[in-house]
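Order of the sequence lines fixes the chain letters, A, B, ..., with proteins taken first and strands second; residue numbering starts at 1 for each chain.
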Amino acid sequence: MKKVQEHRLPDLKNVHGKVVMRMAPSPSGPLHIGHSRMAILNDEYVKRYGGELILRLEDTNADNIDPFAYEQIPRDLEWLGVKVTRTVIQSDRLAIYYDEARKLIGKGHMYVCHCDRESFKNSRQQGIACPHRESDPAGNLEAFDMMVAGKFSSGEAVAVLKTDMKHQNPSVRDWISFRIGKSRHPRTGENIFLFPTMNFSVAVDDHLLGLTHVIRGTDHISNTDKQSYIYSYNGWTPPEYFHYGFISIPDAIMKTSIIKQGIVSGRYKGWDDVQLHTLMAMKRRGYSPETFRRYWIESGLRVQNATFSWEIFNSMNRENVDSGAKRLFFVTSPVKIRIGGGTDMRASIPFHPEHRELGTRDYELGSDPEVFVSSDDLDSVVDGGILRLKDLCNLRRNGNSFELEQGKDISLKSVKIVQWCPADSPDFKVLRPDGSTDTGVIEPLHSSVRGISQFERYGYVRLEKGYALFLHN
RNA sequence: GCUCCGAUGGUGUAGUCCGGCCAAGCAUACCGGCCUUUCAAGCCGGCGACCCGGGUCCGAAUCCCGGUCGGAGCACCA
């Protein structure tokens, strides 16, 4: 195994003793490769400095929740080796958000607004305050309690945090902190419809949970701005923030809603479909959790955007899986040929060229056996040329037939070496991430192999019953 | 359009804060050679980058200004 110089994540700023960090996915589905980045980065820092890593499930938008995610996300994290020390679910904390809202309303920092959506938006865009902005705290408190009690329906009232109507970013101006949901929330039941918006619950939680450092994407920069008002109204000290650049991952669908659609329509067989890049699917194909960690550490914590490199990722994974990947012969476009010559033939082939302790697979072929070889390989041999069936024998092409090359001179260099399968090999298929399927035959003793295998001259795969999933070359 | 941010080889990064040890390191990819009964792995060698233009300075990838290109945000989503 070659030496690799380890990259090191930059130190966090303003660390005093232990850190408290968090990852905050919304439970809209299982985690995918994009989530693995924030999970691992946070985990690395908590492991470096010591402290807490909080998993906070952000489920304040009932339209965007898949109950399955509540159980799968912790499993995904465990598989990644991310050590969560505490889990909180925002829908359990509604009372806390209501309380914090009442405090802010009482101090005149928040008000209840009854404008329709469009006019609120338009006046804010122009920096004009809505008429409800100056209503008195007592009335606002009353109105807020009516919202909590379900006296308003969606669209009739929102709670708004006062900020600065002249702020250069219109979205930071008086922003909506509570709205009445339209759908039933799977966890809070029938009678709860008032939910904080993300910026409100995040600011409150980050403070109350004692976060010292928050690392998140650059898409949250303006949210940090918005949230800062809650900190200053309450006299709270904000955590140290770092916003990292966006990494686009080619060929990976990162939108859970699209994946879900595909599952419903039948395009994908489930969250672990070979075409997807959920952690469930990548685990199933044979990616190792250590690969994710190494890649994200190497990729670092930078403000610049970048493009994910499958080349590098797969290369790291190859290093992680190769020593345990037993070699097997898989023959595509199989053609049966007879090896004449009357010799009794047998083969004993190591499962791994460098790890002989993994054993061999042995085949007794008898005399004049038939074997499968790929027609592509046969076609590539010129008349009179030699083809070597790996670990079995040399064949010489004579017109359209192949004859055993007696003497079996293995010192012969530059002969074409190809994989082959015994005549009783079963049909086999490999599902590929692009949705296609490769078919062929596989040697019988593949049934003794579990997990990740390297099909020689084909690629790494992970075996399942009766077929395999393509991992990478 | 407005606000903010960024720019190192094909790709991913180190170095940029505190200018000299950077005629720019590492990985991956590619090319050549070695090894080899896999087009895997391994070994040796090679190719290849500081966006452009000014300025400051003895000295700039690093600091300043301008330009170009790229990105993010501008929700009753997170």
Side-chain angles (χ1 to χ4, degrees), chain A residues 1-8 10 13 24-28 58-61 63-64 90 113 115-117 120-121 124-125 154-160 167-173 175-182 195-199 201-202 216-226 243 245-248 250 256-257 294-295 297-300 302-316 318-319 321-323 325 327-329 347 349-350 352-355 388-394 408 410-413 415-419 454-460 473:
Chain A
M1 183 78 24
K2 65 187 166 184
K3 284 254 185 289
V4 180
Q5 178 190 313
E6 283 304 322
H7 278 253
R8 185 183 155 86
K13 285 182 184 163
S26 68
S28 55
E58 303 203 331
D59 58 345
T60 55
N61 177 12
D63 297 337
N64 189 30
Q90 289 191 318
C113 169
C115 297
D116 68 84
R117 187 189 283 248
F120 180 83
K121 232 168 143 174
R124 180 172 64 179
Q125 193 65 34
S154 178
E156 287 181 344
V158 291
V160 179
H167 194 284
Q168 56 189 13
N169 181 346
S171 78
V172 176
R173 297 171 195 162
W175 49 268
I176 292 173
S177 51
F178 282 85
R179 84 296 203 192
I180 293 154
K182 294 183 276 289
F195 290 93
T197 56
M198 171 262 182
N199 277 302
S201 54
V202 163
R216 54 181 176 180
T218 51
D219 51 329
H220 284 291
I221 287 174
S222 68
N223 292 325
T224 301
D225 253 10
K226 294 181 196 180
H243 298 99
F246 178 76
I247 295 199
S248 67
T256 307
S257 56
R294 246 186 85 196
Y295 186 87
I297 289 172
E298 149 114 22
S299 177
R302 321 196 306 156
V303 300
Q304 291 146 241
N305 294 351
T307 308
F308 182 88
S309 169
W310 284 108
E311 224 169 48
I312 292 172
F313 189 78
N314 287 342
S315 160
M316 289 177 173
R318 202 176 293 125
E319 284 177 34
V321 301
D322 181 80
S323 62
R327 271 51 175 173
L328 288 171
F329 293 169
I349 316 167
H352 196 295
E354 285 146 27
H355 296 275
R388 177 175 296 154
L389 304 191
K390 188 169 181 255
D391 294 308
L392 183 65
C393 64
N394 288 339
K408 198 179 176 181
I410 62 160
S411 68
L412 262 179
K413 299 290 181 189
V415 295
K416 174 132 179 129
I417 299 166
V418 305
Q419 282 63 35
Q454 188 205 79
F455 287 0
E456 289 193 11
R457 265 192 332 140
Y458 176 82
Y460 293 84
N473 290 119

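- Closest heavy-atom contact between A/Ser222 and A/Val172: O-CG2, 4.2 Å.
- Separating the CD1 atom of A/Ile247 from the C1' atom of B/rG70 is a distance of 16 Å, rounded to the nearest angstrom.
- Rounded to whole Å, the separation between the C1' atoms of B/rA14 and B/rA75 comes to 39 Å.
- For A/Gln168, the side-chain contact (heavy atoms from CB on, under 4.5 Å) test picks out no residue, with sequence neighbours left out.
- Proximity of A/Leu328 to A/Gln419: side-chain heavy atoms (C-beta onward) are nowhere separated by under 4.5 Å.
- Here the SG atom belonging to A/Cys115 is positioned 11.5 Å from the CZ atom belonging to A/Arg124, to the nearest 0.5 angstrom.
- In this structure, the CG atom of A/Asn473 is 17 Å from the P atom of B/rU38, given to the nearest Å.
- Legend: residues meeting side-chain contact (heavy atoms from CB on, under 4.5 Å) with A/Ser201, ordered by chain and number and at least two apart, are A/Thr60, A/Gln90, A/Tyr97, A/Pro196.
- When rounded to the nearest whole Å, the span between CD of A/Glu298 and P of B/rU28 equals 9 Å.
- With rounding to whole Å, A/Phe246 atom CZ is found 13 Å from B/rG12 atom P.
- Of the C1' atoms belonging to B/rC31 and B/rC50, the separation is 25 Å, rounded to the nearest Å.
- Secondary-structure stems of RNA chain B, taken as three or more successive Watson-Crick or G-U wobble pairs (i with j, i+1 with j-1) under a 3.5 Å distance threshold, comprise B:1-7 with B:68-74, B:10-13 with B:25-28, B:30-34 with B:42-46, B:51-55 with B:63-67.
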Check: A/Asn61 and A/Ser26: side-chain contact (heavy atoms from CB on, under 4.5 Å), yes or no, with the steps?
Finding: CA-CA 9 Å; A/Asn61 177 12; A/Ser26 68; over 6 Å; no

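- A/Ser257 is linked by a side-chain contact (heavy atoms from CB on, under 4.5 Å) to A/Lys255, counting only residues two or more places apart in sequence or in another chain.
- B/rA29 atom P lies 16 Å from atom CH2 of A/Trp310, rounded to whole Å.
- Picking from B/rU37, B/rU11, B/rG10 the nucleotide with the shortest atom distance to the side chain of A/Ile417 gives B/rU37.
- With rounding to the nearest 0.5 Å, the separation of CZ in A/Arg457 from CZ in A/Arg327 is 14.0 Å.
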Margin query: If you apply the rule side-chain contact (heavy atoms from CB on, under 4.5 Å), what do you find for A/Met198 with A/His220, and how did you get there?
Written below: CA-CA 11 Å; A/Met198 171 262 182; A/His220 284 291; 3.4 Å; yes

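- Salt bridge annotation for A/Asp116-A/Lys121: absent, with no cationic side-chain nitrogen under 4.0 angstrom from a carboxylate oxygen.
- Here, B/rC30 and B/rG66 have their P atoms 43 Å apart, quoted to the whole Å.
- The aromatic rings of A/Phe313 and A/Tyr295 lie perpendicular to each other, with more than 60° between the two planes, well past the 30° mark.
- In this structure, A/Gln454 and A/Gly300 both approach RNA chain B, and ranking their closest nucleotides by distance from the 5' end singles out A/Gly300.
- Rounded to whole Å, the C1' atom of B/rC21 lies 16 Å from the corresponding atom of B/rU16.
- For B/rA61 and B/rA7, the P atoms lie 15 Å apart once the distance is rounded to whole Å.
- One atom, CG of A/Leu328, and another, P of B/rA40, lie 18 Å apart when rounded to the nearest Å.
- Nucleic acid contact class of A/Thr307 (heavy atoms, under 4.0 Å, all strands): sugar-phosphate only.
- Within 4.0 Å of A/Tyr460, counting heavy atoms only, lie sugar-phosphate atoms of the nucleic acid but no base atom.
- Residues A/Val160 and A/Cys113 share a closest heavy-atom pair of CG2-CB, 3.9 Å.
- One C1' atom belongs to B/rC34, the other to B/rG12, and the distance between them is 29 Å to the nearest Å.
- Not a single donor-acceptor contact under 3.5 angstrom links the side-chain atoms of A/Arg457 to the base of B/rA40.
- Within the 4.0 angstrom heavy-atom criterion, base atoms lie near A/Glu311.
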Note to self: What does the B/S/- profile of nucleotides 73-78 of chain B look like, 5' to 3', with a 4.0 Å heavy-atom cutoff to protein?
What the structure shows: SS-BSB

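- Between the C1' atom of B/rU37 and the CG atom of A/Asp391 lies a distance of 5 Å, rounded to the nearest Å.
- Scanning both residues, A/Lys182 and A/Ser154, for their nearest heavy atoms gives CG-OG, 3.4 Å.
- Between B/rA78 and B/rC17, the distance separating the two C1' atoms is 32 Å to the nearest Å.
- In this structure, A/Arg327 reaches the bases: a heavy-atom distance under 4.0 Å links it to at least one base atom across the strands shown.
- Between B/rA27 and B/rG15, the two C1' atoms lie 16 Å apart (nearest whole Å).
- Note: CZ (A/Phe455) to P (B/rC39) measures 18 Å, nearest angstrom.
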Which pairs, protein N/O on one side and nucleotides 6-8 of chain B N/O on the other, fall under 3.5 Å?
from: B/rA7; atom 1: OP1; to: A/Gln304; atom 2: OE1; distance (Å): 3.4

